Amino acid sequence: MTAFTSSTTSLPQASSVPRHVAIVMDGNGRWATSRRLPRFAGHAKGVEAVRTTVEACAKAGIEFLTLFAFSSENWRRPADEVSLLMRLFVGALEREIGSLHANGIQLRVVGDLDPFEPRLRRLIAKGEERTAANTRLTLTIAANYGGRWDILQATRSLLQNEPELAADPGLITEAALEKHLSMSYAPEPDLFIRTGGEQRISNFLLWQLAYTEFYFTETYWPDFGPVALEEAIVSYRSRERRFGRTSEQIATA
Ligand code: IPE
Ligand code: IPE
Ligand code: MG
């Protein structure tokens, strides 16, 4: 496994194209309601936006794309909406794995998968296995994911693996804990995008967003695509990523 530089312990390389883009795909419901359609129509259209965005990211040379598809809090939604979202997930996996694979895309799913039905878990495992050797773009779907869940499961996993740390907690380092986070295979996101106009994290990648650039757009997720992605990247390019330093230090570096 590749070791990545942590933005809080050392200085990551910043480049004009973000290596890792993480997106909160929000606004499906409002997209539908504004057209007098049922919410599910927005979710169905949202799946299409996933396809075009994945393609656009691969073309732009982005190495990691992480999409928040279902949060640990989304179980609070009406049961019929939750089951529709699950069915859409199953359908998308069945339909898209072949073309993801053909396009050199590696699929990963992060989150607590235990509550999912066995059929969905099997599809995820098969999809991950089939695409495991692909290197063009790593597409991560966060499903039943919560940033707090992730930090907690990483802490438990670290202590299970190295029980001696419990007796001497001063030995616990950022790097040691990071290895147990569910996205330890990826660098931290360079660019965070949230569609739908809300300006919040909603319990997405809490640990990993420490130094990520944030971009919020009013565009509803079903309307997101290559053009909106390019706008976000243009905004990203205008940012000065100081990682704690001064502008003067960056100018002379
Ligand atoms: C995002 O769209 C999809 C999920 C959270 C699963 P929403 O369903 O949250 O859409 P809005 O925010 O109600 O418009
Ligand atoms: C965040 O969207 C989760 C996903 C996009 C999967 P929500 O629509 O659930 O977020 P809140 O509830 O408005 O914060
Ligand atoms: Mg929402």
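Atoms within each ligand, like the ligands themselves, are counted from 1 in listed order. Computed over heavy atoms, backbone and side chain alike; hydrogens, waters and symmetry mates excluded. These numbers were taken from a predicted model, which means no experiment stands behind them.
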Do NZ/NE/NH1/NH2 and the carboxylate oxygens of Lys126 and Glu129 come within less than 4.0 Å?
-> no

Over 60° means perpendicular and under 30° means parallel, so classify the ring planes of Tyr185 and Phe64, tilted if in between.
-> tilted

Kindly check if the number of other-residue, nucleotide or ligand heavy atoms within 6.0 Å of CZ (Phe40) is above 12?
-> no

Can you measure from CG (Leu165) to CG (Leu177) and round to the nearest 0.5 angstrom?
-> 10.5 Å

How long is the span from the CD atom in Glu213 to the CD1 atom in Ile193, to the nearest 0.5 Å?
-> 12.0 Å

Pair Arg241 + Asp190: basic N to acidic O under 4.0 Å = yes

Is the closest heavy-atom distance from Arg194 to ligand 2 below 4.0 Å?
-> yes

Considering just N/O/S atoms, say which atom of Asp26 is closest to the Mg ion (ligand 3).
-> OD1

Polar pairs, ligand 1 vs protein, N/O only, below 3.5 Å.
unit_1, atom_1, unit_2, atom_2, d
ligand 1, 2 (O), Gly27, N, 3.4
ligand 1, 2 (O), Asn28, N, 3.2
ligand 1, 8 (O), Arg39, NH2, 2.9
ligand 1, 8 (O), Arg77, NH1, 2.7
ligand 1, 9 (O), Asp26, OD1, 2.9
ligand 1, 9 (O), Arg77, NH2, 2.8
ligand 1, 10 (O), Gly27, N, 3.4
ligand 1, 10 (O), Asn28, N, 3.1
ligand 1, 10 (O), Gly29, N, 2.9
ligand 1, 12 (O), Asp26, OD1, 2.8
ligand 1, 12 (O), Arg30, NE, 3.4
ligand 1, 12 (O), Arg30, NH2, 2.9
ligand 1, 13 (O), Arg39, NH1, 3.0
ligand 1, 13 (O), Arg39, NH2, 3.1
ligand 1, 14 (O), Gly29, N, 3.3
ligand 1, 14 (O), Arg30, N, 2.7
ligand 1, 14 (O), Arg30, NE, 2.7

Arg200 heavy atoms, cut-off 4.0 Å: which ligand 2 atoms fall inside?
-> 11 (P), 13 (O), 14 (O)

Would you call the rings of Phe216 and Phe214 parallel, tilted or perpendicular, where under 30° means parallel and over 60° means perpendicular?
-> tilted

